[in-house]
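Structure, as structure tokens:
Position 1 is the first residue of the sequence, and the numbers go up from there.
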Amino acid sequence: ADARLAGRLQRLLERCGLRLAEVRVIDASRRTRRANASVVGFGSARRIMLHDTLLERLDADEIEAVVAHEAGHARHRHITRYLAGMGITGLAAFAALAWLGPALGASVGERLALFVLALPLVGLFLRPLAVAVLRGWEYQADAFAVRRTSAAALGRALTKLYAANANAPSGDPLHAAFHAAHPEPAQRLGRLHG
């Protein structure tokens, strides 16, 4: 609804090299008070989605920094890379079971059952690696945003979002290694201002 902000964000997307992207607002306030943003889609179907709750909490500079962060995910093709990684992992697990199956004397049906049973276990062991990659992508998107907006605006936005979403530091490194796809708030803010 804010034509000035919409124009500002469109110019930002052009500076980021995302002429096909657009920003849309999600009416999230009916379901939650959490504030979030995300990038979805591929190619000309790519969209940056902002919760209306995020727009209520952030000023124009902070919104621009958040959109630049999401544009960073799009420019670095994080969605495509994530899906490719998941596909390669699944194919590698399937190939390993196909190779191992005859050595076990397993039929094709038994190998498929082994695949279904083994894939979550393989995923469990690969989860810390995947989480570390996702955290690295968050830092990469932050750096992209800072080059196009400012570290101060992104830092203020993240601080407000952490408070709105009740994000607290994990405190447990083992839990964080398996579940914290975003960096700890103190580490992330420290990198912005460090």
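- A distance of 9.5 Å separates CZ of Arg34 from OG1 of Thr53, quoted to the nearest 0.5 Å.
- Note on Leu124: it clusters hydrophobically with Leu174, by side-chain heavy-atom contacts below 4.5 Å among ILVMFWY residues.
- Shown here are the salt bridge (Lys or Arg N to Asp or Glu O under 4.0 Å) partners of Glu14, two or more places apart in sequence or in another chain: there are none.
- Listed by chain and residue number, nothing satisfies the salt bridge (Lys or Arg N to Asp or Glu O under 4.0 Å) test with Asp2 (two or more places apart in sequence, or in another chain).
- Inter-residue side-chain proximity for Val39 and Arg47 is flagged as unmet; no heavy-atom pair is nearer than 4.5 Å.
- Listed by chain and number, the residues in a side-chain hydrogen bond (donor to acceptor under 3.5 Å, both in side chains) with Asp52 are Ser29 (sequence neighbours excluded).
- Residues passing the ring pair (Phe, Tyr, Trp, His ring centres under 6.0 Å) test with His51, sequence neighbours excluded: none.
- Legend: residues meeting side chain to side chain contact (heavy atoms under 4.5 Å, CB included) with Arg127, ordered by chain and number and at least two apart, are Val131, Phe178.
- Gly72 approaches His78 most closely through the heavy-atom pair O-CE1, 4.4 Å.
- In terms of heavy atoms, Arg148 sits closest to Cys16 at CD-SG, 3.4 Å.
- Cation-pi contact between Arg188 and Tyr139: absent, since separation from the ring centre below 6.0 Å together with deviation from the ring axis within 45° is not met.
- Using a 4.5 Å heavy-atom cutoff, the side chains of Ile48 and Leu13 are in contact.
- The other members of the hydrophobic cluster of Val40, by chain and number, are Ile26, Met49 (side-chain heavy atoms under 4.5 Å, ILVMFWY only).
- Closest heavy-atom contact between Ala176 and Arg135: O-NH2, 2.6 Å.
- In this structure Arg31 satisfies the side-chain hydrogen bond (donor to acceptor under 3.5 Å, both in side chains) test with no other residue, sequence neighbours excluded.
- Closest heavy-atom contact between Leu9 and Glu64: CD2-CA, 3.8 Å.
- In terms of heavy atoms, Leu189 sits closest to Gly155 at CD2-O, 3.7 Å.
- By the 6.0 Å contact criterion, CZ on Arg15 is enclosed, its count of non-hydrogen atoms from other residues, nucleotides or ligands being greater than 12.
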Per-pair distances, 0.1 Å, donor-acceptor, side chain in residues 79-86, under 3.5 Å, sequence neighbours excluded:
from  : atom 1 : to    : atom 2 : distance (Å)
Arg81 : NH1    : His76 : O      : 3.3

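- Checked against side chain to side chain contact (heavy atoms under 4.5 Å, CB included), Leu55 has the following partners two or more places apart in sequence or in another chain: Val25, Leu50, Ile63.
- Residues passing the side chain to side chain contact (heavy atoms under 4.5 Å, CB included) test with Arg30, sequence neighbours excluded: Asp27.
- In this structure, the side chain to side chain contact (heavy atoms under 4.5 Å, CB included) partners of Val146, at least two apart in sequence or on a different chain, are Ala151, Leu154, Leu192.
- At least one side-chain heavy atom of His73 sits under 4.5 Å from a side-chain heavy atom of Glu138.
- In terms of the side-chain hydrogen bond (donor to acceptor under 3.5 Å, both in side chains) criterion, residue partners of Glu62 (sequence neighbours excluded) are, by chain and number, Arg156, Lys160.
- In summary, Arg147 and Asp142 do not engage in a salt bridge, as defined by a charged side-chain N under 4.0 Å from a carboxylate O.
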Between Arg8 and Asp61, does a side chain to side chain contact (heavy atoms under 4.5 Å, CB included) hold up when you go through it step by step?
CA-CA 10 Å; Arg8 185 174 172 176; Asp61 289 342; 2.2 Å; yes
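- In plain terms, the two heavy atoms of Phe144 and Ala71 that are nearest each other are CE2-C, 3.8 Å.
- Screening Leu161, Asn165, Asn36 for a side-chain contact (heavy atoms from CB on, under 4.5 Å) involving Leu54 leaves a single residue, Leu161.
- Between Arg33 and Arg57 there is a side-chain heavy-atom pair separated by less than 4.5 Å.
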